[in-house]
Structure formats: C-alpha cells, structure tokens
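Notes for the one structure printed next.
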Amino acid sequence: MKIAFFNAKSYDIEFFNRANEQFKHELIYFESKLTVQTAELARGFSAICTFVNDALDRPLLERLAGYGVRLVALRCAGFNQVDLKAAEEFKISVVRVPAYSPYAVAEHALALILTLNRKTHRAHNRIREGNFSLEGLLGFDLHGMTVGIVGTGKIGLCFAEIMRGFQCQLLAFDPHPNPEALALGIEYVSLERLFDQASLISLHCPLIPQTRHLIDLKAVQRMKKGVMLINTSRGGLVDTGAVIDGLKSGKIGYLGLDVYEEESELFFEDHSDEVLQDDLFARLMTFPNVLITGHQAFFTEQALQNIARTTLLNVSDFEDNGFSQNRVNLKIQ
Ligand code: NAI
C-alpha cells in the first residue's frame, strides 16, 4: 500500500525503511505535521501514518476522507488525538500500536525518579565546573517507600515490577484491576486513598474524558507534603496550573514530566532560537525540583523496531482483510 508519513523524523525513516524490507509497502515521508493546511499532501494516498501530536479532528478527517484516505495508521499507542466518532462517520479506519515496549516507558519513569531524587543532572554540571560540594544534593532511599500507581495496564505493571525491586509498598488505582498486579502484591485502593498515602505517584492511565485533569487542585491538596509526581502518560492528565501551585506551596516536592498538555506546539522540534510563548511551561522550567523530557519515554531501539513492524503489519492486514486486530474504535474508549 502507498503510505504517506507525516511528521517523519530521521529515526522514523531509518526504522520504517528497515522494517519495510519485509512488507514492501510504498513509503513516502513528509517532514510536516499533519494539519488542515498540509492535508493536501495526502491526496492520492489511501493510507497515512501519523504520530502523537498530529491532531486528527473532525475538519481534518473530513478533508482526508475527501482526498481518498481510508486508513490512519498511528505509530503510537495513545489515540486521544483522534476524533474516533468523526473517523467512523467518514469511513476512515484507525489502527495503532497498542504495545511496543512497556519497558521503555516504565524505565524512563524510573530515570526521572532517580534523577529527581539523587540530582545526578545537577551533580554532573557541578563536577564539570570543578565544584565538588554536596550542598543541595541530598536524596532519599526509595527502599520501603509507598508508591501509588494510577493505571496498571502494560506499562503500569512493568513499572510496579521495577519498584517492587526497590522493595516499595505498592498501591494502585485502576477501574479494571490487573490479576498480574494483584499477584505481585499490589494493593488496589481508591484514588483518594492513593493520593493520601503515596509518597511517589506515577501516572500510567490513558487520556480519556474521565481522566482529563485527574491531577487537579483538589487532588494536589490531598497529596502528602513533598510528594513526587511522575507523568509519562499524557499531558492532559495533569492540570499544569494546579501542579505549579503545588510546587510553589511545597506540597509537590518533585515533578517529573515526559508529557505536557500543550506539548504539540513544542515537542519533537528544535525551538532553541525562538522566544518561548508558553508562560506555564516557562514557569515550570524555573523550579529546581522539576525535570522535563520531551516525550522520549518510548524512544528506545527495541520500541522503534516494534512500532515500525506493527504499524506496517497493521497496514498489510487492512489491505488484505479490510481489518486489523489493532483497530481503534469508539468501543475501546
Ligand atoms: P494499557 O491500556 O495497557 O493500560 C492502561 C490502564 O489504565 C488499564 O489498565 C486501564 O484499565 C487503566 N485505566 C483506564 N481508565 C483509568 C482511570 N480512570 N484511572 C486509572 N486507570 C485507568 O496502556 P499502556 O500500554 O500501559 O499505556 C498507558 C499510557 O501510557 C497510554 O495510554 C499512553 O498515553 C502512555 N504512553 C506514553 C508513552 C511515552 O512515550 N511517554 C509511550 C506509550 C504510552
């Protein structure tokens, strides 16, 4: 099938070309993000491939349908950026990569935790300047800590296994408890109790209407003083204004983010020569106890190999059978 790739980076091209030796699709790469203005590029393609920040809203989907697009292959797990109702109406199928490496994301959550805790980023800079003082670098033992996990699917479970290695006490909230998590000794509690008791909270649930701003002012107020909050899931789970208030008051002791609500205007591009227009993001970066990465939790060799292989397989299945088991529809929301 002839597939138009939007937002294609050098690493996408490398991994997709390699995986495609087996599939023999025709891959055409465009650097531009998919927007109403660039949608014209999709004319003549029945399949397009997009990433997390290509917002597939109703007007865009309508336009794509008019150009003959029948399949949107998401090269990611999350699908909150797609108006699935509109896609169904315009007879566009949407497929995704439900799992490519839960380890990549869970391990990145740990990287944020250890860096925030032991301040290795600050120590590295100090040592390079000949400053060997330990002032301000005090950390704490993770051993025995109470960790709250919101969402115990593939990534949340992986994260739980890692934190179990530190002999943490594991609490979780998930409307669908995972038997594997129960077997690991996780205790499922209400979200309120998790906020009350956890010293470290890590978010691993999808962004859906029920989870938007799951971390709001009320949630922050319930948390333990000095709590560490980690979000490697989706930016919209967190009300940025609320966590800024929490950081200012000292309620939130550490904040690690790999995702940000307004990231689509910032992430995945080099803006180093531009004036930052997002004041909330700018404020976040002023806190010494905030660590932000630009949606890179997925970014490992193994994950990129799996993303490319599954995406091309999804397209082949759609081409051969008109159906893929990785189809996303309104029911899975
Ligand atoms: P999954 O589908 O295996 O697990 C999600 C879990 O969240 C399920 O157990 C579900 O029952 C639970 N859940 C649903 N509603 C909930 C609610 N209201 N409160 C608490 N839990 C709820 O998904 P997976 O693979 O573990 O991924 C989790 C999220 O991680 C994805 O939705 C995606 O947004 C994010 N992600 C981030 C990446 C990154 O690079 N930063 C890469 C891949 C995924």
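Both ligands and their constituent atoms are indexed starting at 1 by order of listing. Remember, it's a predicted structure, so these values are computed and weren't measured experimentally.
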Legend entry - Plane angle bin for Phe299 and Tyr11 - parallel if under 30°, tilted between 30 and 60°, otherwise perpendicular: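 Rings of Tyr11 and Phe299: perpendicular, as their planes differ by over 60°.
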Is the shortest distance from a Lys or Arg side-chain nitrogen in [X] or [Y] to a carboxylate oxygen in the other one below 4.0 Å?
| X | Y | value |
| --- | --- | --- |
| Arg43 | Glu40 | yes |
| Glu135 | Arg126 | no |
| Lys9 | Glu14 | no |
| Glu89 | Arg58 | yes |

Atoms in ligand 1 with a heavy atom of [X] nearer than 4.0 Å:
| X | result |
| --- | --- |
| His176 | 11 (O) |
| His295 | 39 (C), 40 (O), 41 (N) |
| Val150 | 20 (C) |
| Thr211 | 17 (C), 18 (N) |
| Val105 | 38 (C), 42 (C), 43 (C) |

Min heavy-atom dist [X] to ligand 1 below 4.0 Å:
| X | value |
| --- | --- |
| Leu207 | no |
| Ala99 | no |
| Asp174 | yes |
| Gln210 | no |

Of the backbone atoms (N, CA, C, O) and the side-chain heavy atoms from C-beta on, which set of [X] has a member under 4.0 Å from an atom of ligand 1: side chain, backbone, both, or neither?
| X | answer |
| --- | --- |
| Asp258 | side chain |
| Phe173 | both |
| His204 | backbone |
| His108 | neither |
| Leu157 | neither |
| Phe79 | neither |

Inset, instruction - Apply side chain to side chain contact (heavy atoms under 4.5 Å, CB included) to Asp196 and list each qualifying residue two or more places apart in sequence or on a separate chain. - result: Arg222
Could you check [atom] against the protein and tell me its nearest heavy-atom contact, residue, atom and distance included?
| atom | value |
| --- | --- |
| atom 23 (O) of ligand 1 | Lys154 NZ, 4.2 Å |
| atom 31 (C) of ligand 1 | Ser233 OG, 4.1 Å |
| atom 4 (O) of ligand 1 | Gly153 CA, 3.2 Å |
| atom 33 (C) of ligand 1 | Arg234 NH1, 3.8 Å |
| atom 37 (C) of ligand 1 | Thr232 O, 3.1 Å |
| atom 27 (O) of ligand 1 | Ile155 CD1, 3.3 Å |

Polar contacts were defined as any N/O atom of the residue lying under 3.5 Å from an N/O atom of the ligand; does this apply to [X] and ligand 1?
| X | value |
| --- | --- |
| Leu214 | no |
| Tyr100 | no |
| Phe298 | yes |

Legend entry - Proximity winner for atom 14 (C) of ligand 1, if only heavy atoms of Pro102, Pro209, Pro206, Ala297 are counted: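 Comparing heavy atoms across Pro102, Pro209, Pro206, Ala297, the nearest one to atom 14 (C) of ligand 1 lies in Pro206.
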Which value, rounded to the nearest 0.5 Å, describes the distance between [X] atom [atom1] and [Y] atom [atom2]?
| X | Y | atom1 | atom2 | result |
| --- | --- | --- | --- | --- |
| Ile113 | Ser202 | CD1 | OG | 5.5 Å |
| Leu203 | Ile215 | CG | CD1 | 5.0 Å |
| Ile3 | Glu319 | CD1 | CD | 8.5 Å |
| Leu229 | Met223 | CG | CE | 5.5 Å |
| Ile92 | Glu62 | CD1 | CD | 10.0 Å |
| Leu247 | Arg283 | CG | CZ | 8.5 Å |

Inset, instruction - Ignoring hydrogens and angles, tell me if any N or O in the side chain of Thr211 forms a donor-acceptor pair with the backbone of Leu214 under 3.5 Å. - result: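 Not at all, since once roles are kept as given, no pair shorter than 3.5 Å links the two residues.
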Legend entry - Output field: ring centroids Phe16/Phe5 closer than 6.0 Å: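 Yes, ring centres under 6.0 Å apart.
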Legend entry - Any side-chain donor near an acceptor of the partner, Thr152 and Asn178, under 3.5 Å: no
